[in-house]
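Shown next, in structure tokens, is the structure this report addresses.
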Amino acid sequence: MNDTTHGIQIRPGSLADAPAILDMLDAAVAWMNARGNTEQWGTTPYSRRPGGVARVERYTTENAPYIAELDGRPAGALVLGSGPNPQVPIAPAGEPERYVRLLVSDRRCAGLGIGAALLAHAADETRRAGVELLRVDCWPGGGGELVAFYERNNFEPTDRFLFKEWPGQVLARRVG
């Protein structure tokens with residue numbers, strides 16, 4: 001485990017963490033919906049979406065998952081891959097990269113820096129792998145709050161894309 005700020009511990013994740021990740025995703029959908037945001041992730045809990053459970057299980061077995069813990073309990077999750085989801089129309093980086101495939105935090109831990117700690121860990125893991133580019137994509141709507149979060153964590157907006165009706169923003173960070 002790696003010590004980070006505010007007592008947050010980050011450890012490698014596994015398939016056993018899939019239920020906790022699904023709980024965080026379901027709570028995030030409910031929180032967004034309560035704020036009037038139904039565009040980002042829709043209104044159906046992630047665990048009840050077609051393929052939602054299987055997707056999270058694949059994230060934990062085919063990629064590099066990390067779990068942030070606070071007081072020994074899962075407080076956030078990050079999944080790193082070697083590139084974006086191949087089903088999404090995102091241009092290749094043209095160089096080796098690590099890609100944040102998932103970032104979610106427990107809503108009960110909002111404001112404690114869980115997401116920022118996980119992104120710092122992703123940058124460290126990218127650097128350790130000898131890779132200089134870390135990318136992520138997100139929903140740019142809602143006044144750009146999510147894009148601003150990534151910018152505060154040293155990412156810069158690059159390309160925009162459209163996946164079906166869902167607009168997306170790619171952001172990049174140099175870690176070398």
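We count residues from 1, following the sequence as given. Keep in mind that what you see is a predicted model, and the values were worked out from it rather than measured.
Heavy-atom minimum distance, Arg101 versus Pro84: NE-C, 3.7 Å. The shortest heavy-atom contact between Pro167 and Pro140 is O-CD, 3.2 Å. Minimum interatomic distance between Ala116 and Asn153 (heavy atoms only, all atoms of both residues): CB-OD1, 3.3 Å. Residues Leu133 and Pro96 come closest through the heavy atom pair CB-O, 3.9 Å. Shown here for Ile67 and Gly13, the closest heavy-atom pair between the two residues is CG1-CA, 3.9 Å. Nearest heavy-atom pair across Leu78 and Ala122 is CD2-CB, 3.8 Å.
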Side-chain donor-acceptor distances from residues 154-163 under 3.5 Å, at least two apart:
{"residue": "Thr158", "atom": "OG1", "partner": "Val170", "partner atom": "O", "Å": "3.1"}
{"residue": "Arg160", "atom": "NE", "partner": "Gln169", "partner atom": "OE1", "Å": "3.2"}

List the atom pairs, donor and acceptor, that lie under 3.5 Å between side-chain atoms in residues 107-115 and the rest of the protein, sequence neighbours left out.
{"residue": "Arg108", "atom": "NE", "partner": "Asp106", "partner atom": "OD1", "Å": "3.1"}
{"residue": "Arg108", "atom": "NE", "partner": "Asp106", "partner atom": "OD2", "Å": "3.3"}
{"residue": "Arg108", "atom": "NH2", "partner": "Asp106", "partner atom": "OD2", "Å": "2.6"}

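Both Ile10 and Val175 belong to a single network of hydrophobic side chains, linked directly or stepwise wherever heavy atoms of I, L, V, M, F, W or Y lie under 4.5 Å apart. Under a hydrophobic clustering in which Ile, Leu, Val, Met, Phe, Trp and Tyr are joined whenever their side-chain heavy atoms come within less than 4.5 Å, directly or via other members, Leu25 and Val79 fall into the same cluster. Taking hydrophobic clusters as Ile, Leu, Val, Met, Phe, Trp and Tyr residues chained together by side-chain heavy-atom distances below 4.5 Å, Val136 does not share a cluster with Val88.
The shortest side-chain heavy-atom distance between Leu102 and Asn63 does not fall under the 4.5 Å cut-off. Side-chain contact between Val29 and Thr44 is absent, with no heavy atoms from C-beta onward closer than 4.5 Å. Looking at Leu146 and Phe149, their side chains come closer than 4.5 Å, going by heavy atoms from C-beta outward. A heavy-atom distance below 4.5 Å is found between the side chains of Leu118 and Leu103.
Annotation: side chain to side chain donor-acceptor pair (under 3.5 Å) contacts of Arg55 (sequence neighbours excluded): Tyr46. Applying the side-chain contact (heavy atoms from CB on, under 4.5 Å) test to Ala28 and every residue at least two apart in sequence or in another chain returns Met32, Trp41, Val104. Contacts of Arg152 classified as salt bridge (Lys or Arg N to Asp or Glu O under 4.0 Å), with partners at least two apart in sequence or in another chain: none.
Pairs passing the ring-ring contact (aromatic ring centres under 6.0 Å, His included) check and including a residue from residues 66-92, sequence neighbours excluded, read Tyr66-His121. Legend: ring-ring contact (aromatic ring centres under 6.0 Å, His included) pairs involving residues 79-106, not counting sequence neighbours: none detected. Within the structure, salt bridge (charged side-chain N to carboxylate O under 4.0 Å, His left out) contacts touching residues 13-41 (residues at least two apart or in different chains) are Arg11-Asp17, Arg35-Glu145. For the salt bridge (charged side-chain N to carboxylate O under 4.0 Å, His left out) condition, the pairs that include at least one residue of residues 71-99, sequence neighbours left out, are Glu95-Arg174, Glu97-Arg135. Sorted by first and then second residue, the salt bridge (charged side-chain N to carboxylate O under 4.0 Å, His left out) pairs involving residues 109-123 (not counting sequence neighbours) form an empty list. Within the structure, side chain to side chain donor-acceptor pair (under 3.5 Å) contacts touching residues 74-93 (residues at least two apart or in different chains) do not occur.
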Evaluation steps, side-chain contact (heavy atoms from CB on, under 4.5 Å), between Val147 and Cys138: CA-CA 7 Å; Val147 171; Cys138 70; 3.8 Å; yes
Checking side-chain contact (heavy atoms from CB on, under 4.5 Å) for the pair Val100/Leu80: CA distance, chi angles, key distance, verdict? CA-CA 5 Å; Val100 176; Leu80 274 180; 4.1 Å; yes
Would Leu119 and Tyr150 satisfy side-chain contact (heavy atoms from CB on, under 4.5 Å), going step by step from the backbone distance to the final call? CA-CA 9 Å; Leu119 289 174; Tyr150 286 112; 3.8 Å; yes
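With rounding to the nearest 0.5 angstrom, the CG atom of Leu15 is 11.0 Å from the CD atom of Glu62.
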